[in-house]
> 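Below is a structure I'd like to ask you about.
Counting starts at 1 for both ligands and their atoms, following the listed order. Only this structure's heavy atoms are used, side chains among them; waters, hydrogens and symmetry mates stay out.
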Amino acid sequence: MSAPLAIERDGSIAVIVIDHPPVNALAHRLRTALLAAIERLDADPTVQAIVLHGAGRNFIAGADISEFDQPAQPPLLNELLFRLESCAKPVIAALHGAALGGGAETALACHYRAATADLKLGFPEVTLGLLPGAGGTVRLPRVAGWQASIELMTGGKPVDRERAVALGVVDHRIEGEARAGAVAWARELVAAGAAPRRLRELPAPDASPELFAAARAALPAAAGRLPAPGRIVDSLEASATRPFEQALDRARELFEECRRSSESRALRYLFFAERGSSADRDAALRVDSAGVIGAGTMGAGIAISLATAGIAVTIVDSKPESLAAGLARVASTIEGSALKGRMTAADAAAAVARVRGAGDLQALAAVDLVIEAVFENLAVKQELFAQLGKLCKPQAVLATNTSTLDVDAIAAASGRAVDVAGMHFFSPAHVMRLVEIIRGRESSRATLATLRAVTRRIGKIGVTVGNCYGFVGNRMLYAYGREKELMLLEGSTPEAIDRALEEFGMAMGPNAVGDLAGLDIGYQARRQWSERPDDPRFYRVSDRLAELGRYGQKSGRGFYRYDGPDRKRQPDPEVLELIRTEAKILGVAQRKIANTEIVERCICALANEGARILEEGIAASPADIDVIWCNGYGFPRHRGGPMFHADTIGLATVVEAMRRFGGEQGARYWTPAPLLASLAEREGTFAGWQAGRAGGD
Ligand code: 3HC
């Protein structure tokens, strides 16, 4: 393993080049080497100034998150940075790329900060359930003030160089390369006799206690359930009321408290799970152009994602009016992003110019990738793929955006199944980050690697899954939805179920989600499902509502009514009556159902279906399932996903609850999957099972 840093000399300027790929994270070995380098250079009389530079694309991306499962090994980052700041000669941070978390804290411990235009400086700790624990909460307010510190740290979003200059965090702009620019400036500082400038020697700005009370009150409601945002405010308040070193100690204590929390464990787990594997990146084919078939909401959303990432897109739709509407939607959405400041007007214009329309499939003869997004009908999709198989150039990758249909049946129709796979986007496709990439029986490694690479390029998270009805996400959704539908018949109400699951942390309750997605959509999908459970209770309430034309928000009525002035969901007595009538017809006795039962039944159903999906090899790991549920279905991130959550509460507890439900309601839906039962018996976890499999590879 090569050394994590090198010391280079440029006359009397010493440059510490941190070279710790992939992102210069401050792992134990780097901290140790950095401390030794600082001691050595501080004592060297021939050195007049020290430049701290990060090799590669970033300055420093923060602490090494993979070390947080264990207590930190000395030297601790806050101690190292205290020593760095104590240097008797000027220390200059050469900032470029990411200076995040511990990286931003390192910059603040330096005496001067110079930055190139690509700087992204910020404190994303809150997204990991943490707070800046190495002095950020104590040093940043001394230069940027309280309000900016509260916003940066509780929001977690990085700022660009110009904002960092405005905040007083960056003192000098570098127009060329970071290292050379910082060395040149260091020389100027030395010539001007500049002394070390330590933020810890500045007084903390005045702050009233009301400021922090207001900051706590302003935290978003969801943040109120998590420890980190409140702890960040606590730490900043300690910086206002205590001397520097005591405030630093308090930050460390609060950091440790957060690090040990189950919320932070879950969020750190997701950080790595979402990055997935980089194993086959080199097998991906080059994609410069793509075709999207179908100019509906889904097709337009996919085209927006591709075009804004620099890929030329041809949208094909045989109906001229649909095509025109789709192209208009693409243009207005991209231009809207520019108006909201999410991209520059020039980038928006370039993205819009990358999209063109065509009425005929022949326009896709030369594209590198085709994504089909027509309505869910197997015969229609097969007919399309038969044509694509003939007209697309060899090796063009052909993807279907089906959410439930058999990818192998679609691939077979193309006559070139190696080039075909599924690419299941979630609606709205330009907003939702998840894409399920469905591996067909014959999909080639290059086909799958290409779809994974495109997914990454358009800023989304791709999870590769096997081919079965509903794949991973929707298959589990059926188990989850089945329980909430049964509980409606058994005496609960749409709002009681939604409230219980929203309190658990789901972004939206399942009945509200159904109304948003359109109850007719699910109804149609279930009608085409040949293996639908033979149970008259299965989705009975949803089906009846759809048959009555209550499609949800779009028709103004579904599980709820939406006819108030703000179109907010409101309970509807007619729905309660309908549920009571259906329960009577089916002979289901109604009772009061507690919130705990609502949550337990839905969660146990998810974990059990997830276990089956793992046994069948449809998902490669429990982490993949968790990434799908947290990014596509609104599962609370701070609980890590259904499989991580099941591990956290204990698989024996899950199985015991399932047996209890089985005793009350019959074993039909409550037989634990063999994998779940055997892990519960051995007091095992899904994570441990996965680690054992990976070890055996
Ligand atoms: N620790 C450990 N590994 C990290 C890491 C970190 N802080 N940041 C990134 N990595 C790893 C990723 O897991 C990935 O590994 P892989 O190649 O094996 O999959 C690799 O580095 C590359 O990461 P990305 O795929 O994310 O690369 P990008 O180029 O897309 O993004 C980045 C680069 C913007 C730096 C992004 O990685 C990032 O945002 N990193 C995390 C930043 C962060 O959260 N920092 C705060 C850490 S907590 C902290 O500092 C506490 C302190 O206050 C004490």
> If we only count N/O pairs under 3.5 Å, is G133 in contact with ligand 1?
yes

> Backbone or side chain, does any N or O of R57 fall under 3.5 Å from an N or O of ligand 1?
yes

> Are F68 and F255, when compared by the centres of their aromatic rings, separated by less than 6.0 Å?
yes

> Under 6.0 Å between the ring centres of Y633 and F426?
yes

> Please compare R275, E67, E125, R259 and report which has the shortest non-hydrogen distance to atom 26 (O) of ligand 1.
R275

> Taking atom CE of M432 and atom OG of S427, what is their separation to the nearest 0.5 Å?
8.0 Å

> Any N/O of G102 closer than 3.5 Å to an N/O of ligand 1?
yes

> Does F272 approach ligand 1 within less than 4.0 angstrom via side chain, backbone, both or neither, non-hydrogen atoms only?
side chain

> Check whether E436 reaches the backbone of H424 with its side chain - one donor and one acceptor, N or O, closer than 3.5 Å.
no

> In ligand 1, which numbered atoms sit nearer than 4.0 Å to a non-hydrogen atom of P132?
53 (O)

> For ligand 1, which atoms sit closer than 4.0 Å to a heavy atom of V23?
4 (C), 5 (C), 8 (N), 9 (C), 10 (N), 21 (O)

> Are F271 and ligand 1 in contact, using a heavy-atom cut-off of under 4.0 Å?
yes

> Numbering the atoms of ligand 1 from 1, which are under 4.0 Å from a heavy atom of E105?
52 (C), 53 (O), 54 (C)

> So, is the end of the R200 side chain (NZ or CZ) under 6.0 Å from the ring centre of F82 and within 45° of the ring's axis?
yes

> Any N/O of A98 closer than 3.5 Å to an N/O of ligand 1?
no

> For the CG atom of L95 and the SG atom of C110, what is their distance to the nearest 0.5 Å?
7.5 Å

> Counting only heavy atoms, which portion of P124 has something under 4.0 Å from ligand 1: side chain, backbone, both, or neither?
side chain

> Testing I232, L131, V233 for side-chain contact (heavy atoms from CB on, under 4.5 Å) with M153, which one passes?
I232

> If only atom types and distance count, is the side chain of T32 paired as donor or acceptor with the main-chain N or O of H28 below 3.5 Å?
yes

> Given G62, A25, A63, identify the one with the heavy atom nearest to atom 7 (N) of ligand 1.
A63

> Using a 4.0 Å cutoff against the non-hydrogen atoms of L100, which atoms of ligand 1 qualify?
39 (O), 42 (C)

> Quick one: look at T127 and ligand 1, take heavy-atom pairs under 4.0 Å, and tell me if it's side chain, backbone, both or neither.
neither

> Which ligand 1 atoms does G101 reach within 4.0 Å, using its non-hydrogen atoms?
46 (C), 50 (O)

> Would R275 and F271 count as a cation-pi pair here, with the cationic atom under 6.0 angstrom from the ring centre and within 45° of the axis?
yes

